[in-house]
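Have a look at the structure below before the remarks.
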Amino acid sequence: MTVPAVPSTKLPRTAGALRAAGHLPKGVKAEIRDNLLAALRAGRDPWPGIVGFEQTVLPQLERALLAGHDFVLLGERGQGKTRLLRTLVGLLDEWTPVIDGAELGEHPLAPITPASVRRAAELGDDLPVTWRHRDERYTEKLATPDTSVGDLIGDVDPVKVAQGRTLGDPETIHFGLVPRAHRGIVAVNELPDLAERIQVALLNVMEERDIQVRGYTLRLPLDVLLVATANPEDYTNRGRIITPLKDRFGAEIRTHYPTSVAAEVAMVRQEAHLVAEVGDPLLEVLARFVRNLRESSAIDQRSGVSARFAVAAAETVAAAALRRSALIGEEPAVARPIDLNSVPEVLRGKLEFESGEEGRETEHLTHLLRRAVAETARDRFAGLDLRPLIDVIADGTLVATGERVPGSEVLAALPELPLLHEVAGRVDVRPDDSPGKIASAVELALEYLYLTRKVAKDATAGAVVYGP
């Protein structure tokens, strides 16, 4: 998101001008509710970049926000929980007034700290006002076991005590992350990893909206939306959210992995940084591959198969294509099915296997990847008679491909067949496309014929030959 350098010069710069403009303080939850309703009524998408949650997670999230609830997103790793929380920023007003120089982001017409209350009383309508961008009103904290109460809530500042203030003076407090997010959003990632005694410190913040530091209570009517993420494995075993804290969250929303191949492809296309062209058929293969992994008994499903795996797989395939392009001088760099072979060895470390599968990891991944290729090709070539290609191979034609074989050589090994134009059309490749793209379509058809036992394949390091 691009932040403007400065707010408009027409915005009020004193509390008096703000009051004269008719500006009234509004709670952050009411602000989010109003902006969400405005987006829904106007038909605008309040959740840009979020894929696959349209009919499941987002309706629940919208209901929680409209109800003014703090909430927890519960789901396995790599389901886009943090990405979803960060889109909440778009539901805040672009600019909001705060007291210039205040330690917390207090509204000029509703100060809450003793120092700001005193300044407002002394300066009256001349109280200086500055404007804060909505990006500055989102605070994110990764929960770790060493997180302290001082980090989240606050602690006594020894420097202020040394300046002559007494320990009982509220102005000796150095505020923590939650109070500093006043009039904004606080997101705690992996909440169960917070020690239980630290979670207790959030109870008053969520219910009574005050904070307690070092034995005395400073009554601050904090205005925050507290949201969190949790992994079900952590939720039940390694750590847990204490019952009183769970009770204070208004909603618990379950997230999930993309429910369709199309959603998985869209997510990868959006998130992956591809250094070479990777066509949708290959992304479909990777999407099906990831879905097969999520159903495999060899994979520890409690750990899950992150959506980041599919993204990393697509980036690896693109990198393999770029490497071939550099080695043989083929331009443009276009991924082909042969590049899929780079995925199992490179990415197997991103997965957790069940005990007893040691030594068979690559075997499992290769099998599931081949199955994904077959499923994708079967879907793409459904109803297409591939017998002319089978006959050509049966007559002794050999087609070689590999990391040092240009697409033009793959095509040159085959006679001119009308079927090849139909094969290319099924994978959205036009006759005037580069040889690499057409070769990618032909390779997919040849690999499909091999997997369905219509042709043979001889594979060596970095090279493959299809033949009778």
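Remember, it's a predicted structure, so these values are computed and weren't measured experimentally.
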Answer whether the closest heavy-atom distance between the side chains of [X] and [Y] falls below 4.5 Å.
| X | Y | result |
| --- | --- | --- |
| Leu222 | Pro179 | yes |
| Leu293 | Leu351 | yes |
| Val205 | Ile153 | yes |
| His107 | Asp223 | no |
| Leu191 | Leu194 | yes |
| Glu140 | Asn189 | yes |
| Leu84 | Leu73 | yes |
| Leu340 | Val285 | yes |

So, taking the atom named [atom1] in [X] and the one named [atom2] in [Y], what distance separates them when rounded to the nearest 0.5 Å?
| X | Y | atom1 | atom2 | result |
| --- | --- | --- | --- | --- |
| Glu76 | His256 | CD | NE2 | 11.5 Å |
| Glu403 | Ser342 | CD | OG | 9.5 Å |
| Leu61 | Thr255 | CG | OG1 | 11.0 Å |
| Ser116 | Asp100 | OG | CG | 11.0 Å |

Check [X] against [Y] and note the closest heavy-atom contact, atom names and distance.
| X | Y | answer |
| --- | --- | --- |
| Val268 | Ala310 | CG2-CB, 3.6 Å |
| Pro431 | Ile438 | O-CD1, 3.7 Å |
| Glu330 | Gly407 | OE2-N, 2.7 Å |

**Request:** May I have the step-by-step check of side chain to side chain contact (heavy atoms under 4.5 Å, CB included) for Leu386 and Leu419, ending in yes or no?
**Result:** CA-CA 7 Å; Leu386 297 175; Leu419 171 65; 4.1 Å; yes
**Request:** Could you check whether the rings of His23 and Trp131 sit parallel, tilted or perpendicular, using 30° and 60° as the cut-offs?
**Result:**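 Because their plane-to-plane angle is over 60°, the rings of His23 and Trp131 count as perpendicular.
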Check ion pair [X]-[Y] (N to O, under 4.0 angstrom):
| X | Y | answer |
| --- | --- | --- |
| Arg291 | Glu295 | no |
| Glu31 | Arg137 | yes |
| Arg426 | Glu422 | no |

Can you confirm whether the side chains of [X] and [Y] place a donor and an acceptor under 3.5 Å from each other?
| X | Y | result |
| --- | --- | --- |
| Ser297 | Glu354 | no |
| Arg132 | Thr96 | no |
| Glu357 | His364 | yes |
| Arg180 | Thr139 | no |
| Trp47 | Glu62 | yes |
| Glu196 | Gln199 | no |

**Request:** Determine, stepwise, if the pair Glu106 / Arg183 fulfils salt bridge (Lys or Arg N to Asp or Glu O under 4.0 Å).
**Result:** CA-CA 7 Å; Glu106 300 161 76; Arg183 299 179 61 227; over 6 Å; no
Filter on salt bridge (Lys or Arg N to Asp or Glu O under 4.0 Å), then keep only pairs touching [range], sequence neighbours left out; what's left?
| range | value |
| --- | --- |
| residues 341-350 | none |
| residues 427-442 | Glu277-Lys437, Arg380-Asp428, Arg430-Asp432, Arg430-Asp433, Asp433-Lys437 |
| residues 442-452 | Arg336-Glu443, Glu447-Lys457 |
| residues 257-271 | Arg83-Glu271, Glu264-Arg294, Arg269-Asp280 |

**Asked** Taking only residues two or more places apart in sequence, or in another chain, which ones meet Ser148 in a side-chain hydrogen bond (donor to acceptor under 3.5 Å, both in side chains)?
**Response** Asp151
**Request:** Output all residues satisfying side-chain hydrogen bond (donor to acceptor under 3.5 Å, both in side chains) with Thr366, sequence neighbours left out; order by chain, then residue number.
**Result:** none
**CA sep, side-chain torsions, deciding dist, call: Lys26, Asp93, salt bridge (Lys or Arg N to Asp or Glu O under 4.0 Å)** = CA-CA 11 Å; Lys26 181 190 292 186; Asp93 292 341; 5.3 Å; no
**Message:** Within the supplied structure, the quantity of interest is the number of heavy atoms (other residues, nucleotides, ligands) at a distance under 6.0 Å from Gln55 CD; does it exceed 12?
**Reply:** no
**Request:** Determine whether more than 12 heavy atoms belonging to other residues, nucleotides or ligands lie under 6.0 Å from atom CZ of Arg254.
**Result:**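 Yes, because the 6.0 Å sphere around CZ of Arg254 holds more than 12 heavy atoms from other groups.
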**Request:** For the pair Asp339 and Arg324, evaluate salt bridge (Lys or Arg N to Asp or Glu O under 4.0 Å) and give the outcome as yes or no after the intermediate values.
**Result:** CA-CA 9 Å; Asp339 299 316; Arg324 181 177 57 252; 2.6 Å; yes
**Prompt:** Using the benzene-type ring in the case of Trp, are the ring centres of Phe175 and His182 under 6.0 Å apart?
**Reply:**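 Ring-ring flag for Phe175/His182: false, centres at least 6.0 Å apart.
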